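One structure below.
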There are 2 protein chains.
Amino acid sequence: MRIGQLAEATGTTTKTLRFYEESGLLPPAERMASGYRDYTDDAVGRVGFIHRGQAAGLTLAQIGQILRIREHGQTPCSHVRDLLGERLRELDAQIAELLALRETISQLHAQAAEPEPDTCSADEVCRYI
Amino acid sequence: MRIGQLAEATGTTTKTLRFYEESGLLPPAERMASGYRDYTDDAVGRVGFIHRGQAAGLTLAQIGQILRIREHGQTPCSHVRDLLGERLRELDAQIAELLALRETISQLHAQAAEPEPDTCSADEVCRYI
DNA sequence: ATGAACCTTCCAGTACAGTGGAAGGTCAAG
DNA sequence: CTTGACCTTCCACTGTACTGGAAGGTTCAT
């Protein structure tokens, strides 16, 4: 299977697949006589795993960690659990931050709903901010 | 006022102030005979405005827009209102996305809480993802 | 034999908001 | 007179996940 076919099978691009290989997420593919990369079918599963990991909010670096643990013959289960827990905590913090920011902006926006440009003094940029 | 003093007065760094000038957020400062930047007091207010804009979730590019409107002698009020409204919509979308992701990860994490590594088949990387 | 479609490598750039460091000039105190 | 703190410019780099393009090789159909 050439790189273009793998790209199509996994819904990505050849550029991205080469990038994954360079980043250590995909093992260097076998080469045909021509020098073209020659993928086996399980590459599809591997790329699928990368995509599922991304959908779970993991970074490529974290996905790479999991993949490398697996390559060392170990089961990455507990590491995956830890990563997911960590990601959950990060997400909660991020959501709380965004909700607070939303509050702030919402108030500023409400104030700006009654525009009185005349009250803008010359020495400040904008009284709404 | 030299750049280090302005940095201290505004709680930022000289690097950042030069970066703001280069980005068009601060007008090029006057220079002393030595070539040192010489800021007037209103630079403090300007940097403060930039920081308040950031706290309101605006990008430096958007803050620059507001500043440039003001420099053209116009009141940026209505533009600011539009920017805040836009930011509010973006934030709502972003929060919704993160909440959905949180749901996904939370479920994966709950599944991973009962680790049964033996059920990990050899041909998949991790059954939790 | 030639053109299209595919592949290769390598270099560079995207967005964002800075940060790090080198090489050198300036100023006040001791 | 020298030391140290401050300033200048310029270039490169950070992190994330790619993306674009150039220059050239391969494969297959016409």
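Computation of the quantities below employed the complete heavy-atom set of this structure, encompassing side-chain atoms and omitting hydrogens, waters and symmetry-equivalent molecules. All values derive from a computational prediction rather than experimental measurement.
- Rounding to whole angstrom units, CD of residue B:Gln62 and P of C:dC16 are separated by 9 Å.
- Following rounding to the nearest Å, A:Glu21 (CD) and D:dC18 (P) show an atom-to-atom distance of 15 Å.
- Counting non-hydrogen atoms of neighbouring residues, nucleotides and ligands closer than 6.0 angstrom, the CD atom of B:Glu90 exceeds 12 such neighbours.
- A:Leu108 is connected to B:Leu60 through a chain of hydrophobic side-chain contacts under 4.5 Å among Ile, Leu, Val, Met, Phe, Trp and Tyr, so both are in one cluster.
- Between B:Gln5 atom CD and C:dA28 atom P there is a gap of 12 Å when expressed in whole angstrom units.
- One atom, CD of A:Glu90, and another, P of D:dT16, lie 11 Å apart when rounded to the nearest Å.
- Among the protein residues, A:Arg18 comes within range of the nucleic acid bases, having at least one heavy atom under 4.0 Å from a base atom.
- The interatomic distance linking A:Gln94 (CD) with D:dT16 (C1') rounds to 14 Å, in whole Å.
- Between the CG atom of A:Asp38 and the P atom of D:dT26 there is a distance of 16 Å, given to the nearest Å.
- No side-chain donor-acceptor contact under 3.5 Å links B:Glu8 to the backbone of B:Gln5.
- Within the structure, every side-chain polar atom (N or O) of B:Tyr20 is placed at least 4.0 Å from both OP1 and OP2 of C:dA17.
- The side chain of A:Lys15 approaches D:dG21 more closely than any other nucleotide in the set C:dA17, D:dG21, C:dG21.
- Comparing C:dT19, C:dT9, D:dT8 by their closest approach to the side chain of B:Tyr36 singles out D:dT8.
- Of the side-chain N and O atoms in A:Gln54, one or more sit less than 4.0 angstrom from OP1 or OP2 of D:dC18.
- For the side-chain contact (heavy atoms from CB on, under 4.5 Å) test with A:Leu83, the passing option among A:Ile66, A:Thr59, A:Ile63 is A:Ile66; the others fail.
- Between D:dC6, D:dT27, C:dA17, one nucleotide has an atom nearer to the side chain of A:Ser34 than all others, and that is D:dT27.
- The phosphate of D:dC28 (OP1 or OP2) has no side-chain N or O of A:Arg2 nearer than 4.0 angstrom.
- Using a 4.0 Å heavy-atom cutoff across all strands shown, B:Ser23 reaches no nucleic acid atom at all.
- Taking only side-chain atoms of B:Thr13, from C-beta outward, the nucleotide of D:dT26, D:dC7, C:dT19 with the closest atom is C:dT19.
- Considering only the side chain of B:Phe19, C:dA17 comes nearest among D:dC18, D:dA17, C:dA17.
- OP1 or OP2 of C:dT8 sits under 4.0 Å from a side-chain N or O of A:Arg37.
- B:Arg37 places no side-chain N or O within 3.5 Å of a backbone atom of B:Ala29 that could act as its donor or acceptor partner.
- Remark: P of D:dC18 and CG of A:Leu17 are 10 Å apart, rounded to the nearest angstrom.
- Taking every side-chain heavy atom of B:Ile3 into account, D:dT8 is the closest of D:dG20, D:dC10, D:dT8.
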